[in-house]
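Working notes for the structure below.
Atoms considered below: every heavy atom in the structure, side chains included; atoms not considered: hydrogens, waters and symmetry mates. One-based numbering, in listed order, for ligands and for the atoms of each.
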Amino acid sequence: MPIFGTRNASQKYCKPIQKLKKIAVFASGSGSNFQAIIDAATQGNLPAQLCGLVASRESIGALQRAAQHNIPSAIISRKHFTNESDFAQALLMQLELWGADIIVLAGYLTKIPPQVIAKYRGRILNIHPSLLPKYGGQGFFGRHVHEAVIANQESISGCTVHIVDEEFDRGPILAQAEVPVYPDDTPELLAARILKEEHRIYPKTITEFLT
Ligand code: GRF
């Protein structure tokens with residue numbers, strides 16, 4: 001009779017019980033990447049539990065997505081705090097309440113305070129809509145990225161999943177996907193082409209990171 005859940009290597013049928021890692025997602029916008037992660041989890045393709053959503057402001061699409069899928073959410077906005085340290089403490093308290101193991105940034109536009117990076121070092125992931133290190137750093141967000149790519153007549157762009165450290169868009173790269181840039185592209189067309197790749201590689205990279 002096999003005893004499930006033990007680590008006795010001599011028992012062929014035994015499989016160690018592993019606690020599912022808990023992911024907290026941070027978002028500032030529509031949350032289409034958040035949705036791709038929810039979908040992966042729902043389809044059993046993400047070995048993790050989505051324990052909560054931190055929204056940087058009210059009325060964002062990501063909050064509706066969380067509600068639709070019974071994922072707890074909290075609106076923790078930098079502007080509600082007089083200093084960064086208090087903001088960091090609020091984030092850390094919420095993460096602790098949820099028991100979050102890793103943080104996944106999905107279109108999150110607020111700078112992560114150093115106290116949070118220190119506590120979750122190597123466990124914060126981000127997706128950026130360019131082939132980093134190109135078109136990353138301060139000021140390169142949203143359509144600004146795609147405008148610069150088109151203005152420079154690049155023939156290839158794409159997206160990057162990376163670990164977050166103290167510098168904007170500079171942490172170790174985990175995965176990238178390329179898309180072509182066409183001569184008659186607009187920032188909107190290019191953004192949509194890249195977003196499709198983001199939805200494909202982000203859940204897959206999170207899964208690889210966790211396993
Ligand atoms: C994506 O393009 C992502 O690369 C960037 O912010 C955007 C978020 O889009 N960091 P969404 O809210 O996931 O739709």
Margin query: Would you compute the distance between atom OG1 of Thr110 and atom CZ of Phe87 and round it to the nearest 0.5 angstrom?
Written below: 5.0 Å
Check: With under 30° as parallel and over 60° as perpendicular, where do the rings of Phe140 and Tyr135 fit, or are they tilted in between?
Finding: perpendicular
Next item on the list: List for me each residue that meets salt bridge (Lys or Arg N to Asp or Glu O under 4.0 Å) alongside Lys21, sequence neighbours excluded, and say none if there are none.
Entry: none
Sequence neighbours left out, cut at 3.5 Å: what donor-acceptor pairs do the side chains of residues 91-99 make with other protein atoms?
none

Check: Can you name the ring pair (Phe, Tyr, Trp, His ring centres under 6.0 Å) partners of Tyr182, sequence neighbours left out?
Finding: none
Margin query: So which atom in Pro187 and which in Arg143 form the shortest heavy-atom distance, rounded to 0.1 Å?
Written below: CG-NH2, 3.6 Å
Margin query: What does the 4.0 Å heavy-atom contact list look like for ligand 1?
Written below: Ser30, Gly31, Ser32, Asn33, Gly107, Ile127, His128, Pro129, Leu195, Glu198
